[in-house]
Amino acid sequence: MPARTLVRVLRPQLPTIGTLKPYIERIDGARIYSNYGPLSREFGERLGRMAGAAGTALTANGTSAIELALRLRARQGSLCLMPAFTFIASAHAVCNAGLTPYLADVDAEALVLTTQIAHAALAQAPAQVAAVLVVSAFGAPPDQGAWAQFEADTGIPVVFDAAAAVTALDGIGRQPVCVSLHATKVLGIGEGGAIFSADTALTDEATALTGFGFRSAERVSTLRGGNYRISEYAAAVGLAAMDGLPQQTAALRALTAAYASRLQHKAARLQRGAGAQWVTMTLNAIVPASQVQAVTDRMDADRIEWRRWWGLGCHRHPAFADVPRATLRQTDAVAPCVIGLPFHLGLTQDEIDRVVACLP
Ligand SMILES: *Cc1c(COP(=O)(O)O)cnc(C)c1O
């Protein structure tokens with residue numbers, strides 16, 4: 001039998017030279033390379049329109065988007081309630097905003113912090129909670145309505161880490177929604193991010209924070225910020241990526257459907273709505289706990305890469321082992337079962353069959 005080909009878990013593909021050329025030529029012509037140049041402005045406007053946001057602030061990456069949104073909304077020195085089950089960037093952003101992560105559980109079915117879990121965690125909080133960071137589960141759209149109500153009920157500001165959800169958003173409320181434009185995300189530009197909000201005063205302030213707190217053409221610092229801008233070259237990649245986005249999401253949707261139809265009568269399941277209501281750049285199978293080891297053993301034996309994209313939770317990372325936490329019972333139970341499957345447009349039907357054959 002010939003050696004099995006290696007099946008890769010993720011193979012990012014950003015715009016290639018041909019689609020970039022007209023945009024790079026615009027940069028050559030304008031000789032503006034950063035500082036909210038014409039391409040950045042156009043990219044920010046197109047991105048905001050796609051998300052349904054009145055205001056958009058572009059940032060250097062998704063982590064800095066979360067950090068800046070929290071700096072604008074929460075008083076420093078207090079706790080930020082956040083789910084333990086997220087990419088570790090969320091916890092870094094919370095700390096960089098001058099807050100201490102207070103880790104809470106996730107719902108085992110939806111894989112997200114719910115308002116119910118948050119209320120329970122608040123009742124046991126060891127100190128004042130100044131903000132809640134709600135994380136989208138691997139690109140699923142967050143429940144903005146429920147969290148706006150939570151903010152109204154508790155007075156605690158809410159910020160969304162919707163890093164992987166940029167193509168799943170359809171209308172943005174006042175609570176800032178932060179996305180990542182990293183190469184591995186669905187609208188990849190290399191490194192980049194954005195804050196969306198219906199509150200344009202907030203996104204204007206966020207934009208000022210990305211450029212030394214300058215609010216206008218006058219070089220006067222009115223806020224303590226930093227340099228979190230994107231260059232015109234990054235915006236060029238973003239504009240070209242947006243041109244190709246309809247084809248890209250259609251292909252990812254078809255790939256998700258190819259998995260979904262093969263999994264119909266299996267115990268392993270996809271996240272609710274994956275491929276149908278929303279699509280992103282990764283795909284997870286949620287596998288019954290008793291079968292996880294057998295599944296990963298079979299994938300390893302068949303040269304199929306897999307990944308726990310969020311590991312086993314922030315509390316398992318040494319850098320965050322000592323932050324306060326509420327009960328994490330459901331996180332500990334479900335995190336090992338969330339297995340990132342090979343998901344990229346180079347996969348053949350044969351390879352998808354091989355992956356699914358490893359799943360119960
Ligand atoms: C990717 C990701 C981030 C970080 O985004 P960067 O652009 O890499 O900084 C934060 N949170 C979640 C949930 C992510 O998936």
Side-chain angles (χ1 to χ4, degrees), residues 9-10 12 14 43-44 47 51 56-71 80-97 99 101 103-104 106 110-113 131-143 147 158-169 176-196 206 210 226-231 234-235 237-238 241 252 271 274 278-284 307-317 319-320 331 334-335 338 340 343:
V9 69
L10 174 68
L14 267 59
F43 176 49
L47 199 61
T56 303
L58 295 175
T59 59
N61 51 59
T63 308
S64 57
I66 300 162
E67 175 191 328
L68 295 180
L70 285 171
R71 276 168 62 177
C80 177
L81 183 65
M82 60 172 281
F85 192 47
T86 177
F87 182 50
I88 200 65
S90 317
H92 284 284
V94 164
C95 293
N96 293 344
L99 301 160
L103 302 178
V106 293
L111 308 179
V112 290
L113 179 70
V132 181
L133 181 67
V134 178
V135 180
S136 137
F138 303 101
D143 187 346
W147 286 102
V158 170
V159 170
F160 294 102
D161 171 353
V166 69
T167 52
L169 302 169
V177 177
C178 305
V179 298
S180 165
L181 306 173
H182 186 257
T184 55
K185 300 296 205 284
V186 63
L187 181 64
I189 70 168
E191 294 282 359
I195 303 170
F196 300 120
T210 65
N227 182 354
Y228 301 84
R229 294 175 301 223
I230 69 166
S231 79
V237 181
L252 292 173
Q271 281 177 261
W278 52 275
V279 70
T280 189
M281 212 40 199
T282 54
L283 187 71
N284 292 297
R307 195 139 313 156
R308 286 196 181 94
W309 290 112
W310 288 355
L312 298 175
C314 294
H315 56 305
R316 304 289 183 189
H317 291 256
F320 299 98
T331 303
V334 78
V338 182
F343 194 70

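We count ligands from 1, going down the list as the structure has it; atoms in each ligand are counted the same way. Quick caveat: nothing in here was measured; it's all calculated off a predicted structure.
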Atom indices of ligand 1, in the order listed, that fall short of 4.0 Å to a heavy atom of [X]:
| X | result |
| --- | --- |
| S90 | 11 (N) |
| T86 | 13 (C) |
| A89 | 3 (C), 4 (C), 10 (C) |
| A163 | 2 (C), 3 (C), 10 (C), 11 (N), 12 (C), 13 (C), 14 (C), 15 (O) |

Counting heavy atoms only, which of G192, A91, S180 comes nearest to atom 7 (O) of ligand 1?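 Considering heavy atoms of G192, A91, S180, the nearest to atom 7 (O) of ligand 1 sits in S180.
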Do [X] and ligand 1 have an N or O pair less than 3.5 Å apart?
| X | answer |
| --- | --- |
| S136 | no |
| A164 | no |
| T63 | yes |

Gap between atom CH2 of W278 and atom CG of L169 - 0.5 Å precision: 12.0 Å
Main chain of T184, side chain of H182: is a donor-acceptor contact present, judged purely on distance under 3.5 Å?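 Present.
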For a side chain to side chain contact (heavy atoms under 4.5 Å, CB included) with L252, tell me which candidate from T282, V279, T280 qualifies. V279
Heavy-atom distances under 4.0 Å are what count here, so tell me which part of K185 touches ligand 1: side chain, backbone, both or neither. side chain
Side chain, backbone, both or neither: which part of D161 has a heavy atom under 4.0 Å from ligand 1?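 Under 4.0 Å from ligand 1, D161 contributes side-chain atoms alone.
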Does any non-hydrogen side-chain atom of L47 lie less than 4.5 Å from one of L181?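 Sidechains of L47 and L181: in contact.
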Would you indicate whether the side-chain heavy atoms of W310 and T331 approach each other to under 4.5 Å?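 When only atoms from C-beta onward are counted, W310 and T331 do not touch, as no gap falls below 4.5 Å.
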How far apart are the closest heavy atoms of G188 and A241, and which atoms are they? O-CB, 4.0 Å
For R308, what residues pass the side-chain hydrogen bond (donor to acceptor under 3.5 Å, both in side chains) criterion, not counting sequence neighbours? none
